[in-house]
Amino acid sequence: MKTVIRKGVFETNSSSTHSLSYYPGEDDEGNEGYTFACKTPAARLIMIKAQVNHCRGDLRDDDRAQKYVSLLKDFYDACVELFCEREKVDPEGIEDYLEAFAAKTFYGDADRRYERSGFKERYEERSCELCESFFENGPLVECNCLYDEDEVKEFLRDYFDMTHGKPDLKAKAEDLLYGPDDFFATEYNNGVYLVNTKYTY
């Protein structure tokens, strides 16, 4: 088990933390250790949904950010449409498809501590619940995801480039689902111990 000391971060011995990053390839600097990587379109789609849920939860009371919340909902719909078209999946059964995928990949380890039931409830929950359920320790003390509350609006504005009207959501969906970059998830147990399993989904 690799030990990581993160300066300037307050953590208790009982804390469990995670982060989700988006980088090109597992040899990229900063990806020497990670818990799991989402490389397949199905795994990427689930993580996109998890982050959309997270963002919608963080911004639910921010009236000025509702245009971003609406954009995220439209973006995920574009991702589902593209995924179903490419993978020959019935859009009406996308939740069942992703639930089955999660059960045999993310939840495949019998030693996982997090409760596996309730995927569909978490699938629509405006919170971190869907994202947290893929990590070994379940509910977390600290979350540093792609759509972190302090950076979400800046990230969305820059990523979707809303300066010239509504962005091409289908092109963005193509990029995140089938592009060269991957989602890398990193979990720390007890604050400093990296869960360095390097699973690939």
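A cation-pi arrangement is present between R86 and Y178 under the rule of less than 6.0 angstrom and at most 45 degrees off the ring axis. A cation-pi arrangement is found for K49 relative to Y76, the charged atom lying closer than 6.0 Å to the ring centre and inside a 45° cone about the ring normal.
In summary, the aromatic rings of Y97 and F83 are positioned with their centroids under 6.0 Å apart. The six-membered or imidazole ring of Y107 lies near that of F134, with a centre-to-centre distance under 6.0 Å. Checked against the 6.0 Å centroid threshold, F36 and F135 count as a close aromatic pair. Residues Y201 and F106 bring their aromatic ring centres within 6.0 Å.
Other residues, nucleotides and ligands contribute only 12 or fewer heavy atoms inside 6.0 Å of the NZ atom of K73. When the shell of 6.0 Å around CD of E81 is examined, it contains 12 or fewer heavy atoms from other residues, nucleotides or ligands.
Residue Q51 holds its CD atom at 7.5 Å from SG of C128, rounded to the nearest 0.5 Å. D182 contributes atom CG, which lies 8.5 Å from atom SG of C38 (distance to the nearest 0.5 angstrom). Taken to the nearest 0.5 Å, the CG atom of L98 stands 10.5 Å off from the NZ atom of K120. With values rounded to the nearest 0.5 angstrom, E99 atom CD is found 8.5 Å from E95 atom CD. Distance CG/D181 to NZ/K39: 10.0 Å, rounded to 0.5 Å. To the nearest 0.5 angstrom, D77 atom CG is 11.0 Å from L72 atom CG.
Of the possible donor and acceptor atoms, one in the side chain of T35 sits under 3.5 Å from a partner among the backbone N and O of V195. For the pair T186 (side chain) and H18 (backbone), a donor-acceptor distance under 3.5 Å is absent. When atom types are taken as modelled, the side chain of R44 and the backbone of G179 share a donor-acceptor pair closer than 3.5 angstrom. Panel note: side chain T200, backbone A37; no donor-acceptor pair is recorded below 3.5 Å. Although no hydrogens or angles enter the test, the distance criterion places a donor-acceptor pair under 3.5 Å between the side chain of N53 and the main chain of Y123.
A heavy-atom distance below 4.5 Å is found between the side chains of L176 and F183. Counting heavy atoms from C-beta on, the side chains of L71 and L169 come closer than 4.5 Å. Side-chain contact between T40 and F101 is present, with at least one heavy-atom pair separated by less than 4.5 Å. Counting only heavy atoms from C-beta outward, the side chains of I48 and L177 approach each other to under 4.5 Å. Taking 4.5 Å as the limit, every side-chain heavy atom of E187 sits out of range of all side-chain heavy atoms of N189.
Nearest approach of C84 to I94, heavy atoms of both residues: SG-CD1, 3.9 Å. Nearest heavy atom pair, residue L45 against residue C79, reads CD1-CB, 3.7 Å. In plain terms, the two heavy atoms of C131 and M47 that are nearest each other are SG-CE, 4.0 Å.
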Next item on the list: Report the C-alpha distance between S127 and H54 in whole Å, list the side-chain angles of each, state the deciding distance to 0.1 Å, and finish with yes or no for side chain to side chain contact (heavy atoms under 4.5 Å, CB included).
Entry: CA-CA 4 Å; S127 71; H54 182 184; over 6 Å; no

